[in-house]
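Worksheet: one structure, shown below.
Chain A is the first sequence line, chain B the second, and so forth, proteins listed ahead of strands; every chain is numbered from 1.
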Amino acid sequence: MHNEVRVRLTEVEAYMGDGEDPGSHAFRGQTPRTAVMFGEPGHLYAYFTYGMHVCVNVVCSPAGQASAVLLRAGEVIEGIDSARMRRLTSRSDRDLAQGPARLAVALGIPLSANGTDLATGSLRLELQPAVPTFQTGPRTGVSGPGGSTDFSWRYWIPGDPTVSPYKAAVPRKPVRGAGPTPL
DNA sequence: TATGCGATTGCCT
DNA sequence: GGCAATCGCATAG
């Protein structure tokens, strides 16, 4: 079959647990939803948000400890036709996996993939030798202290077009979480 | 049991 | 560039 889609990850975010990371789903301890985060590493943590989007994480730390890496963006390097079919709303190829929910759609990862073992399932994570250069900064969409520079756990490849523009250029302070904001 | 909000996206102006 | 859509989960009562 040729509908396999591969992406080169260009943007990720790290999330810890154990009450040390205010921005993490696992901050307040284990719940039914975050159970996977406390499980075996190398498994997928997929969750549903905003009533319509799926985001994908990879569990990192050993069982009993919660941590995950959110896959935020990537460049489609194989199966781009399949990715286009899945992402009919995307206007350009660089939008195919630009953003966590888009990435999940482009890769065809459903919410039911939560808990999947990357070592045995049809989903794979391939480690490359090295990333030449990368930048770090505050995480996106995280309010409160967790979104501040105290937790600069977003990593991306500088200048890569698949990294969302406003996220790539963050010379300013975090917009949210700086006090009561009239919305 | 009830309520508020979120690790966002896409459409509208 | 700004905002509505949409619903499961976590927290409070």
Would you write the dot-bracket representation of DNA chain C, where each base gets (, ), [, ], | or . depending on whether it forms a Watson-Crick or G-U pair under 3.5 Å and with which partner? |||||.||||||.

For the pair made of [atom1] in [X] and [atom2] in [N], what is the distance, rounded to whole Å?
| X | N | atom1 | atom2 | result |
| --- | --- | --- | --- | --- |
| His25(A) | dC5(B) | NE2 | C1' | 11 Å |
| Tyr50(A) | dC11(B) | OH | P | 18 Å |
| Leu103(A) | dA7(B) | CG | C1' | 13 Å |
| His53(A) | dG8(C) | NE2 | C1' | 14 Å |
| Tyr45(A) | dC9(C) | OH | P | 10 Å |
| Tyr155(A) | dA7(B) | OH | P | 18 Å |
| Arg33(A) | dG8(C) | CZ | P | 12 Å |
| Arg154(A) | dT8(B) | CZ | P | 11 Å |

Distance, nearest 0.5 Å, that separates [atom1] of [X] from [atom2] of [Y]:
| X | Y | atom1 | atom2 | result |
| --- | --- | --- | --- | --- |
| Asn57(A) | Met37(A) | CG | CE | 6.5 Å |
| Ser24(A) | Glu13(A) | OG | CD | 11.5 Å |
| Leu123(A) | Ile109(A) | CG | CD1 | 5.0 Å |

Has [X] got a side-chain N or O lying under 4.0 Å from the OP1 or OP2 atom of [N]?
| X | N | result |
| --- | --- | --- |
| Arg28(A) | dT11(C) | yes |
| Arg72(A) | dT8(B) | yes |
| Arg87(A) | dG10(B) | yes |

Does this structure show an ion pair linking [X] with [Y], if we count only N-O contacts that are shorter than 4.0 Å?
| X | Y | value |
| --- | --- | --- |
| Arg94(A) | Asp160(A) | no |
| Arg6(A) | Glu4(A) | no |
| Arg154(A) | Glu11(A) | yes |

Aro-ring/base stack Tyr15(A)-dA7(B), d under 5.5 Å, angle under 30°: yes

Under a plain distance cut-off of 3.5 Å, with no hydrogens placed, do Thr34(A) and Thr31(A) share a side-chain donor-acceptor pair? yes

Side chain of [X], heavy atoms from C-beta onward: which of [options] has the nearest atom to it?
| X | options | answer |
| --- | --- | --- |
| Thr89(A) | dA7(B), dT11(C), dG10(B) | dG10(B) |
| Phe48(A) | dA7(B), dT8(B), dG8(C) | dG8(C) |
| Thr31(A) | dA10(C), dG10(B), dA7(B) | dA10(C) |
| Arg102(A) | dG8(C), dA7(B), dT9(B) | dT9(B) |
| Met52(A) | dA5(C), dT8(B), dC7(C) | dA5(C) |

Looking at Tyr47(A) and dA7(B), is any side-chain donor or acceptor paired with a base atom of the opposite kind under 3.5 Å? yes

Whether Arg139(A) engages the ring of Tyr15(A) as a cation-pi pair (distance to the six-membered ring centre under 6.0 angstrom, angle to the ring normal within 45°) should be assessed. yes

Classify the nucleic acid contact of Gly23(A) as base, sugar-phosphate or nothing, counting any heavy atom under 4.0 Å across all strands shown. base

